[in-house]
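The structure appears below as structure tokens.
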Number of protein chains: 2
Amino acid sequence: MTVTLADVAARAQVSPATVSRVLNGNYPVAASTRERVLRAVDELDYVLNGPASSLAAATSDLVGILVHDIADPFFGIMASAIQSEIGGPGGRAGGERLAVVCNTGGSPERELTYLTLLQRQRAAAVVLTGGAVESAPHAEAVAAKLRKLSDAGTRVVLCGRPPAPDTGAIALAFDNRGGARELTEHLIGLGHRRLGYIAGPLERTTTRHRLEGHRAALEAHGIPVDDRLIVHGRYDRQSGYEATLELLRRDTSLTAVVAANDSVALGACAALRDSGLRIPDDVSVAGFDDLPFGIDAAPSLTTVRLPLSDAGARAGRIAMGREEPPPGDLATVRGELMVRGSSGMPRG
Amino acid sequence: MTVTLADVAARAQVSPATVSRVLNGNYPVAASTRERVLRAVDELDYVLNGPASSLAAATSDLVGILVHDIADPFFGIMASAIQSEIGGPGGRAGGERLAVVCNTGGSPERELTYLTLLQRQRAAAVVLTGGAVESAPHAEAVAAKLRKLSDAGTRVVLCGRPPAPDTGAIALAFDNRGGARELTEHLIGLGHRRLGYIAGPLERTTTRHRLEGHRAALEAHGIPVDDRLIVHGRYDRQSGYEATLELLRRDTSLTAVVAANDSVALGACAALRDSGLRIPDDVSVAGFDDLPFGIDAAPSLTTVRLPLSDAGARAGRIAMGREEPPPGDLATVRGELMVRGSSGMPRG
DNA sequence: CACCGTGCAGAAAGCGCTTGCTGTGACGCT
DNA sequence: AGCGTCACAGCAAGCGCTTTCTGCACGGTG
């Protein structure tokens with residue numbers, strides 16, 4: 001048998017109620033009594049029963065963080081920042097909360113299942129990171145879930161994810177469109193006219209927005225959008241490698257490759273090198289996100305820096321009710337163009 | 001008011017007990033009844049109350065994963081692999097479990113607090129990743145906690161962490177010593193005699209083991225160990241950068257730098273480049289872990305590959321009781337030397 | 001001196017679920 | 001026909017905590 005509140009109460013010669021109040025510190029207890037209780041807790045090595053406590057109090061100290069891929073630093077960095085504000089041990093502000101990082105693998109079904117699991121645990125808050133899937137039924141299902149969570153008192157924050165109207169969710173969205181546009185304009189400014197684009201998976205908001213920004217830049221400069229220069233793939237290095245080979249196969253005259261993110265860009269670099277092309281002399285390459293490793297690539301990667309850490313921290317604070325939500329429950333977080341060695345003027 | 005089991009029972013015209021049994025599927029229920037119940041659940045949009053369920057059943061479906069730094073792919077990759085086996089949504093085997101990734105930031109206090117939190121939640125299992133802190137009081141405190149968790153029926157698995165004797169914990173330890181030795185021997189084999197070593201933080205098992213392997217290699221080849229060529233730092237890029245400058249300041253004749261891990265190695269590369277040295281022509285560099293980005297560095301990084309994904313997956317299965325623990329509750333996972341462009345023969 | 005606010009502590013009623021035990025018909029056996 | 005068996009369903013007793021409400025002693029006030 002494990003030690004219970006009652007055991008502590010007996011040892012401290014007080015009622016269970018008093019022990020509970022000492023432990024929660026939300027009710028006046030005489031200093032001498034408190035000390036007696038604390039000593040008993042210590043002597044018995046008592047640990048509160050979480051489920052029982054959550055049941056009785058109808059709240060829990062769980063905070064869920066949903067990420068697409070925990071092995072990807074893009075999410076790791078955000079999760080880390082969110083968690084640091086959530087508290088848990090260390091983030092001393094207001095009660096120990098257990099931050100739960102849930103790996104959805106980008107699958108909408110798992111996303112829903114995790115949300116249900118968190119709802120079941122009566123989570124105090126939920127932060128969803130990364131782009132959303134655009135398929136209507138899923139979007140609707142997720143929205144319904146979020147609404148239910150909101151109604152149940154769970155604070156819902158979207159970090160790096162477009163807003164979900166009428167769900168009570170607070171959104172911190174990345175300006176993927178603007179960043180992508182700026183990036184492509186940088187390349188155009190250097191003189192590039194034939195640009196390949198390696199997009200992310202279809203039906204993802206992030207993919208669509210970045211692609212839209214790219215297209216907008218082209219159009220604004222009177223460059224016709226050639227769909228043959230757009231290839232879709234996953235958000236990983238290998239996908240970037242393959243897509244680049246495909247791009248090269250389709251059009252050997254391109255002078256720049258814009259990638260959906262940094263990992264894809266590094267794959268692209270590898271493919272170009274393996275094809276005997278120099279970067280940026282023969283082909284310029286650009287990524288997105290500015291993950292830490294981009295700087296160590298050769299040449300270092302031109303990209304758009306997203307303030308993942310800041311955004312995550314802010315999302316965490318909002319989730320904890322420690323910061324005011326932005327007006328209209330929506331804030332747009334801008335990226336910043338980082339020009340480095342992988343982009344240069346086109347050959348000739 | 002939220003929907004409760006009783007509401008569902010009323011609607012399905014059965015007793016709450018029957019609803020519970022349908023939901024848990026651990027007791028015979030007539031097909032027709034089950035269907036009626038399931039329909040009611042659906043119609044009412046019922047979600048089980050997790051805390052209540054955990055309280056009554058005296059078990060929970062939480063599994064804790066402790067990592068030092070979730071933003072570091074080293075841990076991200078392991079966590080991802082562990083989680084994929086834990087189940088949660090997707091890992092279909094046996095009940096939905098909620099994998100909780102906890103970020104300790106490498107702090108022993110937080111580690112303890114998280115363990116207490118998990119103990120409080122009556123976690124089904126706990127997986128601790130990464131090296132341990134060597135300070136005696138902390139080691140003892142952690143061991144005591146692990147013992148308590150074990151006694152309470154929580155399965156404890158150590159992944160990439162040395163064994164904790166008499167705690168009931170199952171350990172999958174990395175052979176850091178052997179890997180480091182092999183790595184240094186590779187450099188010695190190339191002809192290097194003055195090797196700098198950038199070690200991790202003091203009082204960490206990983207740091208010590210890797211350093212021991214390095215020293216063992218030197219000694220085995222009759223190369224005197226010069227403590228001035230060993231610098232301690234953190235496990236990150238910046239630390240590698242600074243340590244390398246320090247190393248260069250202490251001895252300009254070194255021809256190779258062995259780093260505590262890949263991130264540190266990349267920092268070292270940057271420092272060398274900034275000092276006007278070529279890699280590997282002037283100085284060879286080697287890392288450890290073989291994280292994905294090492295291959296895109298210029299030149300690509302010679303390192304020791306640790307099977308993070310495999311080890312994590314195995315740890316996850318063991319935690320779920322889906323795989324037999326190794327004999328003696330301890331298995332050693334070996335690394336594999338990956339020779340790439342950053343190491344070469346010394347100049348001259 | 002009677003009265004009331006105040007500061008603490010306890011009694012007890014749940015929170016929503018699980019599960020051991022107790023029926024209760026239907027069925028097959030002797 | 002009588003009875004043991006089986007498959008299923010319900011009863012009710014908690015699981016360990018929180019919290020409302022009540023109780024009590026004390027000291028200041030009119």
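Per chain, numbering begins at 1; letters A, B, ... match sequence-line order. All values below come from the heavy atoms of this structure, side chains included, with hydrogens, waters and symmetry mates left out.
DNA chain D is contacted by A:Tyr46, A:Leu48, A:Asn49 of residues 39-50 of chain A, taking any non-hydrogen atom closer than 4.0 Å. Of the residues in residues 26-36 of chain A, A:Tyr27, A:Pro28, A:Val29, A:Ala30, A:Thr33 come within less than 4.0 Å of DNA chain C through at least one heavy atom, sorted by number.
Comparing the axis of the opening five pairs of the helix from C:dC1-D:dG30 to C:dT30-D:dA1 with that of the closing five pairs yields an angle of 50°, rounded to 10°.
The base of C:dG20 lies close enough to the side chain of B:Arg21 for a donor and an acceptor atom to sit less than 3.5 Å apart.
To the nearest angstrom, P of C:dG10 lies 10 Å from CD of A:Gln13. As rounded to whole Å, 13 Å separates atom C1' of C:dG16 from atom CG of B:Asn24. As a whole-Å value, the separation of A:Leu5 CG from C:dA11 C1' is 15 Å.
Not one N or O on the side chain of B:Asp72 forms a donor-acceptor pair closer than 3.5 Å with the backbone of B:Asp69. Between the side chain of A:Thr205 and the main chain of A:Gly131, no donor-acceptor pair closer than 3.5 Å is present. The closest donor-acceptor contact from the side chain of B:Asn24 to the backbone of B:Ser20 lies under 3.5 Å. Between the B:Thr129 side chain and the B:Leu66 main chain, a donor and an acceptor come within less than 3.5 Å of each other. When atom types are taken as modelled, the side chain of A:Arg21 and the backbone of A:Val29 share no donor-acceptor pair closer than 3.5 angstrom. A donor-acceptor pair under 3.5 Å is absent between the side-chain atoms of A:His68 and the main chain of A:Ser107, judged by distance alone. A donor-acceptor pair is defined here as one N or O able to donate and one able to accept, closer than 3.5 Å; no such pair exists between the side chain of B:Arg120 and the backbone of A:Asn49.
Looking at heavy atoms from C-beta onward, B:Thr33 lies in side-chain contact with B:Val14 at the 4.5 angstrom threshold. Within the 4.5 Å cutoff, no side-chain heavy atoms of B:Val63 are placed close to those of B:Val100.
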Taking only nitrogen or oxygen atoms into account, show me every contact under 3.5 Å that the protein makes with nucleotides 26-28 of chain C, one pair per line with its distance.
none

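Projected onto DNA chain D by closest heavy-atom contact, B:Pro16 and A:Leu55 fall at different nucleotides, the more 5' of which corresponds to B:Pro16.
Among the candidates B:Val157, B:Ile170, B:Leu172, B:Leu158, the single residue satisfying the side chain to side chain contact (heavy atoms under 4.5 Å, CB included) test with B:Asp329 is B:Ile170.
Between A:Arg204 and A:Glu134 there is no salt bridge, since none of the side-chain N atoms of the basic residue sits less than 4.0 Å from a carboxylate O of the acidic one. Under 4.0 Å is where a charged nitrogen must lie from a carboxylate oxygen, and between A:Glu111 and A:Arg161 at least one such pair does.
Residue A:Ser20 has no polar side-chain atom (N or O) positioned under 4.0 Å from OP1 or OP2 of D:dC17. Note on A:Thr4: every side-chain N or O is 4.0 Å or more away from OP1 and OP2 of D:dG16. Within the 4.0 Å cut-off from OP1 or OP2 of C:dG10, at least one side-chain nitrogen or oxygen of A:Ser15 is found.
The side chain to side chain donor-acceptor pair (under 3.5 Å) test applied to A:Arg11 returns A:Glu43, not counting sequence neighbours. The side chain to side chain donor-acceptor pair (under 3.5 Å) test applied to B:Lys145 returns B:Thr116, B:Gln119, not counting sequence neighbours.
For B:Thr18, taking side-chain heavy atoms from C-beta onward, the closest of the listed nucleotides D:dA9, C:dG16, D:dC17 is D:dA9. Out of D:dT20, C:dT18, D:dG10, the shortest distance to the side chain of B:Ala57 is found at C:dT18.
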